[in-house]
Asks: 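Before I ask anything, let me first share the structure, which is written out below as structure tokens.
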Amino acid sequence: DDDGGAIRIRATSQLDPARAREFVTIEPALSYTPSSTWNGLKLKGDFQPGRQYRVKLGKGMPSGYAGNLETEVVRNVWFDDLPPSLSFSHGGGCLSPHGMLRMSVKSRNIDAFKLEARRLYATNIVEALLREYNEDIDEDYAEPEITRTIATSALRNQEQETPLDLKNILGGEPPGVYGLKIWRDDYRWRSQNAIIAISDLGLATRQGRERLLAWTTSIREGKPRAGVKVTVYSNKRRPLAESRSDGQGIAGLDLPPLPD
């Protein structure tokens with residue numbers, strides 16, 4: 001874990017942690033904290049994954065009611081590599097089509113991963129956003145996928161970030177809403193999903209009981225955007241109201257009355 005690992009020494013009785021340092025030697029040397037367990041000792045320290053350590057218990061080590069250790073005991077202990085991991089660094093979100101169009105993926109002990117990108121059909125965006133967490137985007141919701149194999153730098157047992165150049169992957173500066181999926185070839189069933197919107201539109205809303213106001217703005221210019229269609233949907237995927245923004249970037253939408 002992030003605090004290192006631990007070595008457990010099993011005996012026929014509890015061992016005294018106060019005297020452990022007199023008899024316990026670890027190579028390569030490192031600082032450790034001994035504590036007593038019901039059947040021995042636990043040595044907590046900054047043990048590194050993927051490394052081997054030599055542990056020596058010296059002759060004469062007190063062993064509780066079993067007496068003292070009659071002969072020196074030496075054991076080699078191996079710490080496994082950390083398990084592979086793969087995830088989007090910041091999940092989904094919004095990207096400006098005029099920016100660098102980059103996001104990143106966090107990984108550990110993975111040489112390469114697969115990336116799949118699908119542009120959602122406009123009629124299916126709401127349905128996709130309401131899906132369960134990390135649920136795959138159905139192929140019927142989107143255009144044919146773009147698939148890439150992305151190599152990582154093979155740093156053993158270290159978390160790393162790999163940038164995704166979406167401008168290159170998707171081709172140019174394509175506005176729209178995309179479903180992204182990453183996975184390892186040997187663990188496809190443990191994929192990660194994210195939804196990103198590539199748009200220059202900024203949207204702010206205020207809602208009352210029977211009316212909603214939406215302000216549409218160009219992120220790049222910081223100016224109101226006229227003629228933007230704004231649609232409000234219910235949690236049942238049903239459109240409730242629709243309007244277009246005026247010259248000030250404001251769209252007013254009358255909503256069905258809320259129940260008392």
Side-chain angles (χ1 to χ4, degrees), residues 84-108 110 112-153 159-185 187-205 214-223 225 227-235 237 239 242 245 249 251:
S85 65
L86 181 69
S87 64
F88 288 103
S89 298
H90 305 290
C94 298
L95 297 174
S96 169
H98 308 298
M100 296 182 65
L101 285 181
R102 290 198 173 189
M103 59 189 302
S104 61
V105 169
K106 293 191 298 186
S107 65
R108 183 180 61 208
I110 292 176
F113 61 89
K114 296 284 190 182
L115 168 70
E116 177 185 282
R118 293 176 179 270
R119 183 177 178 176
L120 297 172
Y121 296 126
T123 53
N124 293 327
I125 291 175
V126 173
E127 182 68 27
L129 291 173
L130 291 175
R131 80 200 199 294
E132 295 293 329
Y133 170 75
N134 207 38
E135 182 181 348
D136 287 353
I137 299 294
D138 191 292
E139 62 181 16
D140 294 334
Y141 288 3
E143 297 174 3
E145 76 275 7
I146 299 169
T147 304
R148 297 285 187 272
T149 298
I150 310 295
T152 67
S153 53
E159 188 174 80
Q160 57 186 307
E161 290 205 12
T162 301
L164 300 179
D165 185 353
L166 297 180
K167 186 175 293 188
N168 177 267
I169 293 169
L170 302 177
E173 300 177 355
V177 179
Y178 291 81
L180 304 181
K181 177 180 178 180
I182 53 175
W183 74 92
R184 295 163 47 198
D185 269 341
Y187 273 79
R188 187 181 178 103
W189 57 277
R190 295 188 66 178
S191 60
Q192 288 282 318
N193 291 275
I195 291 181
I196 61 164
I198 299 177
S199 176
D200 182 54
L201 282 176
L203 182 68
T205 62
W215 285 264
T216 59
T217 309
S218 166
I219 297 175
R220 185 181 190 183
E221 299 176 352
K223 297 179 179 179
R225 287 287 300 271
V228 177
K229 185 171 74 171
V230 179
T231 306
V232 178
Y233 290 85
S234 74
N235 61 356
R237 288 76 160 170
E242 183 177 293
S245 59

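None of the values given here were measured: they were computed from a predicted structure.
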Asks: Could you name each residue pair satisfying salt bridge (Lys or Arg N to Asp or Glu O under 4.0 Å) that touches residues 174-183, not counting sequence neighbours?
Replies: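 As it turns out, the salt bridge (Lys or Arg N to Asp or Glu O under 4.0 Å) pairs with a partner in residues 174-183, which skip direct neighbours, are Asp136-Lys181.
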Asks: Evaluate whether atom CZ of Arg220 has more than 12 neighbouring non-hydrogen atoms of other residues, nucleotides or ligands under 6.0 angstrom away.
Replies: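 It does not: Arg220 CZ has 12 such atoms or fewer within range.
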Asks: Test your reading of the model: is there a side-chain donor-acceptor pair from Ser245 to the backbone of Val228, 3.5 Å cut-off?
Replies: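 The answer is yes, because a donor-acceptor pair under 3.5 Å joins these two groups.
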Asks: Can you run down the salt bridge (Lys or Arg N to Asp or Glu O under 4.0 Å) pairs that involve residues 86-95, sequence neighbours left out, and say none if there aren't any?
Replies: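 Residue pairs with at least one partner in residues 86-95: there are none.
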Asks: Does Glu143 have any side-chain hydrogen bond (donor to acceptor under 3.5 Å, both in side chains) partners at least two apart in sequence or in another chain, and if so, which?
Replies: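 With neighbours one apart ignored, the set is empty.
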Asks: May I ask you to decide if Thr152's main-chain N or O and Gln160's side chain share a donor-acceptor pair within less than 3.5 Å?
Replies: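 Between the backbone of Thr152 and the side chain of Gln160 there is no qualifying donor-acceptor contact (under 3.5 Å).
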Asks: Only counting residues at least two apart or in another chain, list the ones meeting salt bridge (Lys or Arg N to Asp or Glu O under 4.0 Å) with Arg119.
Replies: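 Applying salt bridge (Lys or Arg N to Asp or Glu O under 4.0 Å) to Arg119 gives none.
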Asks: Quick one: pull up CG in Leu164 and CG in Leu101 and give me the separation to the nearest 0.5 Å.
Replies: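 Spacing of CG (Leu164) from CG (Leu101) equals 11.5 Å.
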Asks: What's the separation between atom NZ in Lys167 and atom CG in Leu95, rounded to the nearest 0.5 Å?
Replies: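 It comes to 11.0 Å.
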Asks: Return the set of residues passing side-chain hydrogen bond (donor to acceptor under 3.5 Å, both in side chains) with Arg102 (not counting sequence neighbours), or none when no residue passes.
Replies: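 By the side-chain hydrogen bond (donor to acceptor under 3.5 Å, both in side chains) rule, Arg102 matches no residue at all.
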Asks: As an exercise, state the distance from CD1 of Ile182 to OG of Ser191, rounded to the nearest 0.5 Å.
Replies: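 Separation between the atoms: 8.5 Å.
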Asks: Enter the distance from Met103:CE to Ser89:OG here, rounded to the nearest 0.5 Å.
Replies: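 Here the rounded value is 8.0 Å.
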Asks: Test of understanding: with side chain to side chain contact (heavy atoms under 4.5 Å, CB included), list the residues that count as partners of Ala197, not counting sequence neighbours.
Replies: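 Scan of Ala197 (side chain to side chain contact (heavy atoms under 4.5 Å, CB included), adjacent residues dropped) gives Cys94, Val177.
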Asks: State which residues pass side chain to side chain contact (heavy atoms under 4.5 Å, CB included) with Leu203; sequence neighbours excluded, sorted by chain then number.
Replies: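 Applying side chain to side chain contact (heavy atoms under 4.5 Å, CB included) to Leu203 gives Thr205, Ala214, Thr216.
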Asks: Taking all atoms of both residues into account, what is the closest heavy-atom pair of Tyr178 and Pro174, and its distance?
Replies: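 Of all heavy-atom pairs spanning Tyr178 and Pro174, the closest is OH-CB, 3.1 Å.
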Asks: Rounded to the nearest 0.5 Å, what's the gap from OG1 on Thr149 to CZ on Phe113? Could you check?
Replies: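 So the OG1 of Thr149 and the CZ of Phe113 are separated by 9.5 Å.
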Asks: Given side chain to side chain contact (heavy atoms under 4.5 Å, CB included), test Arg237 with Glu127 step by step and report yes or no.
Replies: CA-CA 7 Å; Arg237 288 76 160 170; Glu127 182 68 27; 2.8 Å; yes
Asks: Before you tell me yes or no, could you show the steps for Glu116 and Arg118 under salt bridge (Lys or Arg N to Asp or Glu O under 4.0 Å), namely the whole-Å CA-CA distance, both residues' side-chain angles and the distance that decides it to 0.1 Å?
Replies: CA-CA 7 Å; Glu116 177 185 282; Arg118 293 176 179 270; 3.2 Å; yes
Asks: Would you please name every residue forming a side-chain hydrogen bond (donor to acceptor under 3.5 Å, both in side chains) with Arg148, sequence neighbours left out?
Replies: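 Applying side-chain hydrogen bond (donor to acceptor under 3.5 Å, both in side chains) to Arg148 gives none.
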Asks: Kindly compute the distance separating OG1 (Thr147) from CG (Leu115), expressed to the nearest 0.5 Å.
Replies: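 Thr147 atom OG1 to Leu115 atom CG measures 7.5 Å (nearest 0.5 Å).
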Asks: Please list, chain by chain and in numerical order, all residues satisfying side chain to side chain contact (heavy atoms under 4.5 Å, CB included) with Ile219, sequence neighbours excluded.
Replies: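 Testing Ile219 for side chain to side chain contact (heavy atoms under 4.5 Å, CB included), a comparison that skips the adjacent residues, returns Asp200.
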Asks: If you look at every heavy atom in His90 and Ser104, which pair is closest and at what distance?
Replies: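 Result for this residue pair: CD2-OG, 4.4 Å.
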Asks: Please report the shortest heavy-atom distance between Ser107 and Leu86, naming the atom on each side.
Replies: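 Looking at all heavy atoms of both residues, the closest pair is CB-CD1, 4.0 Å.
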Asks: Under the side-chain hydrogen bond (donor to acceptor under 3.5 Å, both in side chains) rule, collect the residues that match up with Glu159, sequence neighbours excluded.
Replies: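 So Glu159 forms no side-chain hydrogen bond (donor to acceptor under 3.5 Å, both in side chains) with any residue.
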Asks: Please evaluate residues Val105 and Ile150 with respect to the criterion side chain to side chain contact (heavy atoms under 4.5 Å, CB included), reporting the C-alpha separation (whole Å), side-chain torsions for both, the decisive distance (0.1 Å), and the verdict.
Replies: CA-CA 10 Å; Val105 169; Ile150 310 295; over 6 Å; no
Asks: Identify the heavy atoms of Ile196 and Gly92 that sit nearest to each other, and give their distance.
Replies: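 Residues Ile196 and Gly92, closest heavy atoms: CG2-CA, 4.1 Å.
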Asks: Of all the heavy-atom pairs spanning Ala128 and Ile195, show the shortest one and how long it is.
Replies: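 Smallest heavy-atom distance, with atoms named: O-CD1, 3.8 Å.
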Asks: So, using side chain to side chain contact (heavy atoms under 4.5 Å, CB included) as the criterion, who are the partners of Lys229 when residues are at least two apart?
Replies: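 Partners of Lys229 under the side chain to side chain contact (heavy atoms under 4.5 Å, CB included) test: Thr231, Glu242, Arg244.
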Asks: Give me the atom names and distance for the closest heavy-atom approach of Ala112 to Ile110.
Replies: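 For Ala112 and Ile110, the tightest heavy-atom pair comes out as O-CG2, 3.0 Å.
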